[in-house]
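Note sheet for the following structure.
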Amino acid sequence: IILTHYKNFNLFKKMINDTPSICIVIPYFGKWPFWINFFIESCRFNPTINWLIYTDCGGVDHCPKNVTIKSMTYQDYCELVSAKLNIIFNPINPYKLCDIRPAYGLIHREELANYDFWGFGDIDLIYGDIRHFLTNERLALYDVFSNHSTRTSGHLCLIRNLADLRLAYKKIPNW
């Protein structure tokens, strides 16, 4: 099964022996919730995973090296989404960004180019040891990690950084 899944056996061997790189993209606009420092601390304790946060909330005290906060307005982010997806995207409520999560891999393709996996997640979580579950062996075997068997989950989803998977959102009817 593994050999039929991967056309390149050398890539499979590399994935088991090297720790695959991961970046989780989180656009968040408005005001940081009171628990943001707890979320940031849980990121700190996952030093081999990077987070890329787009926000208008400002910086976070004692932000770890694996968390990058990119300041931009909500309107600027909507314009970025519109340009990258070739649509008009301008919802009133930033919560609607959840609807385009499966397209983050395409929207942020340049920033994610050097990662083996990209993903999306929520900030109302305290992440445990993510690599305890997402071992090199598991990451070598699967392309998508979600805690739902029939759909991607918003609180944490990882997707292998491949061209066809960055475009998989287009298979959603009326995306």
Side-chain angles (χ1 to χ4, degrees), residues 20-85 87-134 138-139 144-161 165-166 168-169 172 175:
S21 56
I22 298 171
C23 184
I24 299 170
V25 178
I26 303 176
Y28 186 87
F29 296 92
K31 181 182 175 199
W32 289 128
F34 70 88
W35 64 78
I36 190 63
N37 290 323
F38 295 110
F39 165 77
I40 294 294
E41 279 303 303
S42 73
C43 297
R44 181 187 315 280
F45 284 97
N46 283 283
T48 64
I49 296 174
N50 292 323
W51 278 263
L52 180 56
I53 302 173
Y54 293 85
T55 189
D56 60 358
C57 297
V60 176
D61 293 336
H62 311 292
C63 195
K65 293 177 187 175
N66 62 324
V67 176
T68 300
I69 296 179
K70 293 202 171 198
S71 294
M72 68 178 0
T73 67
Y74 175 62
Q75 184 60 40
D76 287 343
Y77 191 79
C78 288
E79 289 174 12
L80 171 70
V81 170
S82 296
K84 295 292 183 168
L85 299 182
I87 62 171
I88 296 171
F89 185 81
N90 198 17
I92 295 170
N93 188 336
Y95 188 76
K96 294 302 286 176
L97 290 168
C98 293
D99 293 350
I100 60 164
R101 283 178 167 178
Y104 287 172
L106 181 65
I107 296 166
H108 301 288
R109 181 176 58 207
E110 291 81 16
E111 295 97 334
L112 300 172
N114 295 321
Y115 289 97
D116 297 307
F117 285 85
W118 63 273
F120 47 86
D122 287 335
I123 65 168
D124 61 349
L125 298 174
I126 304 297
Y127 289 107
D129 183 357
I130 295 172
R131 295 279 188 179
H132 180 75
F133 176 76
L134 294 175
R138 283 191 179 126
L139 290 169
V144 177
F145 291 86
S146 176
N147 68 339
H148 294 288
S149 63
T150 60
R151 61 190 179 276
T152 59
S153 58
H155 40 282
L156 181 60
C157 180
L158 296 182
I159 300 170
R160 188 176 306 281
N161 198 5
L165 295 177
R166 284 191 300 272
Y169 72 92
I172 300 169
W175 69 268

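All residue numbers refer to positions in the sequence shown, counting from 1.
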Measure the [atom1]-[atom2] distance between [X] and [Y] for me, rounded to the nearest 0.5 Å.
X    : Y    : atom1 : atom2 : result
F39  : D124 : CZ    : CG    : 9.5 Å
I126 : F38  : CD1   : CZ    : 7.0 Å
I24  : L158 : CD1   : CG    : 5.5 Å
S42  : I130 : OG    : CD1   : 7.5 Å
I159 : D116 : CD1   : CG    : 14.5 Å
L134 : N46  : CG    : CG    : 9.5 Å

**Request:** Please determine if D122 and R101 form a salt bridge, counting it only when a charged side-chain N lies under 4.0 Å from a carboxylate O.
**Result:** yes

Heavy-atom closest pair, residues [X] and [Y]:
X    : Y    : answer
R131 : L139 : NH1-CD1, 3.7 Å
N90  : Q75  : OD1-OE1, 3.2 Å
G105 : L112 : CA-CD1, 4.0 Å
R138 : H132 : NH1-O, 4.3 Å
G121 : Y127 : CA-OH, 3.8 Å
I40  : H62  : CG2-O, 4.4 Å

[X] side chain vs [Y] backbone, donor-acceptor pair below 3.5 Å:
X    : Y    : result
R166 : R109 : no
T68  : L52  : no
S82  : F89  : yes

**Item:** side-chain contact (heavy atoms from CB on, under 4.5 Å) evaluation trace for M72 with E79
**Value:** CA-CA 11 Å; M72 68 178 0; E79 289 174 12; over 6 Å; no

**Request:** Taking atom CG of N93 as the centre, report whether more than 12 heavy atoms of other residues, nucleotides or ligands fall under 6.0 Å from it.
**Result:** yes

**Fill in**
From the list F34, Y28, W35, ring pair (Phe, Tyr, Trp, His ring centres under 6.0 Å) partner of W32 resolves to Y28

**Asked** So which of Y104, W118, Y54 actually passes side chain to side chain contact (heavy atoms under 4.5 Å, CB included) with E111?
**Response** Y54

**Request:** Take I87 and W175 through the test side-chain contact (heavy atoms from CB on, under 4.5 Å) and record every step on the way to the result.
**Result:** CA-CA 11 Å; I87 62 171; W175 69 268; 3.8 Å; yes

**Prompt:** Judged by modelled atom types alone, do N66 and R44 share a side-chain donor-acceptor pair under 3.5 Å?
**Reply:** no

**Residue pair T73 / D56, side-chain donor-acceptor N/O under 3.5 Å** = no

